[in-house]
Amino acid sequence: MRSINELKDIKGKRVLLRLDLNAPIVNSAITDPFRIDRALKSIQFLVALEARVILVSHLSDSRGSLVPVYEYLKKKIPLTFVNDIAGVEAHQAVMAIQDGEVVLLQNIRMSEDEKKNDAHFAHELASLADIYVNDAFPASHRAHASIVGIPDILPSYAGFQFLDEVRGLTPALTPISPSLAIVGGAKLTTKVALIETLLKKYDSVFVGGAIANDFFKAKGYEVGVSLVSGASTAGTMLGNPKIILPEFVTVEGPQGRRDILASEVGHDEAILDIAPASIQALQSIITASRSILWNGPMGNFEKGFTAGTDALAIAIASSSAKSIVGGGDTLSSIQNLGLMDKFTFVSTAGGAMLDFLANGTLPGIDALEKKT
Ligand code: ADP
Ligand code: MG
C-alpha cells in the first residue's frame, strides 16, 4: 500500500480524497465533530502541496445532505460545496478549482451506483481526478465504487487516518502469548466470524454482553427475558475450551436488580450486565496477559448498566498488556471514563475494525494493494 506521504510534486493535480465525514447530525448541526476533525490532517497535507482537492464522503443516511458537514468544515479550511456527485455540476466545479483549493461533493450514497460499485459510475468519479487517496478506513469494509472501484482506475494511496488504523490494529492479528480477547455487545451474528478468528489466534476468549446470553442458552441455562440473537453458532463454539463465560451476572426483574450466578436467572428476569465478581475472576488473566483485544460493551450501558464495562475498562487500562480496543458502542460506553490514552490503540472504525480483525484485510485495503 502506498502512503499519502509519498505524494510529492502534485501542485495543480486533482486529488480525489475519500473521507469518512459521517458525523452525527441533529437538526442540521454536527453534534460530535470527531470524525471531521480527524480528516483535517490529510486535507491539509494535500492543500499544502497545492493540489486541487476533491472531497468525497458518505453519510450512513443515504438521503442525508453533507451541507451541515460543509458548514462545519468551511470554518477550518477554505471550501466550496457542490450539490452533485459525478454529474455535470461536479465536473464543472472540479474544472474550476485552483491550486490548493478544496471542494466537497454531495453524500455519495445518494447515488445507488455507489453501493453497487457500478463500473460506469466509478469511471465518472475517477474522471474527476488524477490521483485517489482513501482516508476512510471505517468505510473500507464496503466494496463500494468510491472504495474499490476508483483504485482500479487511478494511482491510489492510503491517507494518514487509514494508515493509523492499519498500524494500530495489525498487532491484534498476531497477539503475544499469554493473550486474551474480550468480545461483548449485541447481535452475535455480526461477531461470529470475529470470534472464530480470535479462537484460532488468542489463548482465551472471554464473552460478555448480550452475546453471552446466547452461550448461556446453548448451555441450557434459563435466560428469562434477556436479549438473545438466536444464532445457533454459540452451541458449536461452546465446545472450545478457550471460551470463558462470566460466572456472575446482573439481572433485573420483579425482584429488582440483583447480582446472581448466571445459572440462576429467573424466567421473568433479564441479564443486563456482567457482575463485578466476573471481572474479579477475569482479573488474574488480564494481569498475566501480554496482548489484550476488547470489543463490545459488557452490559446495556444506555439503560445505566455500566458497571461491568467500566470495571473491565479500568482493569485493561491498568494492565501492562498491549491493549487494542474498539467498536462504536464500546467507545461511547467508555468515553467519559477518561481512559482513552491508557490503551495502546483505540480504533474508531466500528464494523470495519471487526471485519479487519476477522479477515486480516478489507476490500478497501486489497484495492489499494493492487496498485494502479
Ligand atoms: P460495538 O458497537 O462496540 O461493536 P455492539 O454494537 O455489538 O458493540 O453492541 C452494543 C450494544 O450491546 C449496546 O446497545 C448495549 O446496550 C448492548 N448490550 C450489551 N450487553 C447487553 C445485555 N446484557 N442486554 C441487552 N443489551 C446489551
Ligand atoms: Mg455497535
Side-chain angles (χ1 to χ4, degrees), residues 20 22 24 32 34-35 60 137-139 141 165 169 172 181-195 197-198 205-217 221-231 233-234 245-253 257-262 265-266 268-276 278-279 292-313 316 323-337 339-340 343 345-358:
D20 178 3
N22 184 26
D32 180 359
F34 180 74
R35 290 202 162 180
S60 44
F137 186 90
H141 57 321
E165 285 283 347
L169 288 173
I182 299 158
V183 185
K187 280 189 281 172
L188 179 58
T189 40
T190 66
K191 303 209 174 176
V192 169
L194 172 68
I195 297 173
T197 299
L198 298 179
V205 178
F206 180 85
V207 177
I211 64 172
N213 300 342
D214 286 86
F215 286 82
F216 293 142
K217 202 174 165 193
Y221 289 1
E222 172 66 71
V223 293
V225 291
S226 307
L227 178 66
V228 284
S229 70
T233 34
L245 292 176
E247 208 181 334
F248 295 91
V249 293
T250 303
V251 296
E252 195 169 61
R257 192 184 283 203
R258 55 194 195 117
D259 289 353
I260 54 169
L261 275 169
V265 177
D268 47 7
E269 290 180 309
I271 306 167
L272 289 163
D273 199 357
I274 64 171
S278 294
I279 302 287
I292 300 177
L293 172 71
W294 172 31
N295 162 258
M298 295 293 107
N300 188 334
F301 67 95
E302 299 98 327
K303 274 198 186 165
F305 292 84
T306 56
T309 305
D310 291 357
L312 179 64
I316 298 173
S323 54
I324 297 175
V325 177
D329 294 285
T330 310
L331 296 193
S332 0
S333 64
I334 60 172
Q335 233 148 20
N336 41 26
L337 289 175
L339 295 173
M340 290 310 208
F343 304 105
F345 181 69
V346 177
S347 170
T348 56
M353 174 187 101
L354 301 184
D355 285 6
F356 179 77
L357 294 175

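Ligands are counted one by one from 1 in listed order, and the atoms in each one are counted from 1 as well.
Ring planes of Tyr221 and Phe216: parallel class, angle under 30° (limits at 30 and 60°).
If you check which protein heavy atom lies closest to atom 6 (O) of ligand 1, you get Asp329 OD2, 3.0 Å. Remark: minimum distance from atom 13 (C) of ligand 1 to any protein heavy atom is reached at Glu302 OE2, 3.4 Å. Ranking protein heavy atoms by distance to atom 7 (O) of ligand 1, first place goes to Lys191 NZ, 2.7 Å. The protein non-hydrogen atom at the shortest distance from atom 24 (N) of ligand 1 is Ile271 O, 3.6 Å. Protein heavy atom at the shortest distance from atom 27 (C) of ligand 1 is Ala210 CB, 3.8 Å. Among protein heavy atoms, atom 19 (C) of ligand 1 sits closest to Gly299 O, 3.2 Å. The protein non-hydrogen atom at the shortest distance from atom 3 (O) of ligand 1 is Thr330 OG1, 2.5 Å.
Between the side chain of Lys191 and the backbone N or O of Gly184, at least one donor-acceptor pair lies under 3.5 Å. Panel note: side chain Arg35, backbone Pro24; no donor-acceptor pair is recorded below 3.5 Å. Between the Asn22 side chain and the Ser60 main chain, a donor and an acceptor come within less than 3.5 Å of each other.
Ion pairing between Arg258 and Glu269 holds under the 4.0 Å rule for side-chain N and carboxylate O.
Between the side chains of Glu302 and Ser333, no donor-acceptor pair is found at a separation under 3.5 Å.
Every atom of ligand 1 with a heavy atom of Pro297 under 4.0 Å away is listed here by number and element: 3 (O), 8 (O), 10 (C), 19 (C). Counting atoms of ligand 1 from 1 in the listed order, those under 4.0 Å from a heavy atom of Asn295 are 1 (P), 3 (O), 4 (O).
Judged by the shortest distance from any of its heavy atoms, Lys187 lies outside the 4.0 Å radius around the atoms of ligand 1. Lys303 does not count as a contact of ligand 1, since none of its heavy atoms falls under 4.0 Å from the ligand.
With a heavy-atom cut-off of 4.0 Å, Leu227 touches ligand 1 through its side chain alone. With a heavy-atom cut-off of 4.0 Å, Leu331 does not touch ligand 1 at all.
Here the closest non-hydrogen pair linking Leu331 and Gly326 is CD2-CA, 4.4 Å.
Of all N, O or S atoms in Asp329, the one lying closest to the Mg ion (ligand 2) is OD2.
At under 3.5 Å, a nitrogen or oxygen of Ala186, whether backbone or side chain, sits near a nitrogen or oxygen of ligand 1.
Looking only at side-chain heavy atoms (C-beta outward), Ile260 and Val265 come within less than 4.5 Å of each other.
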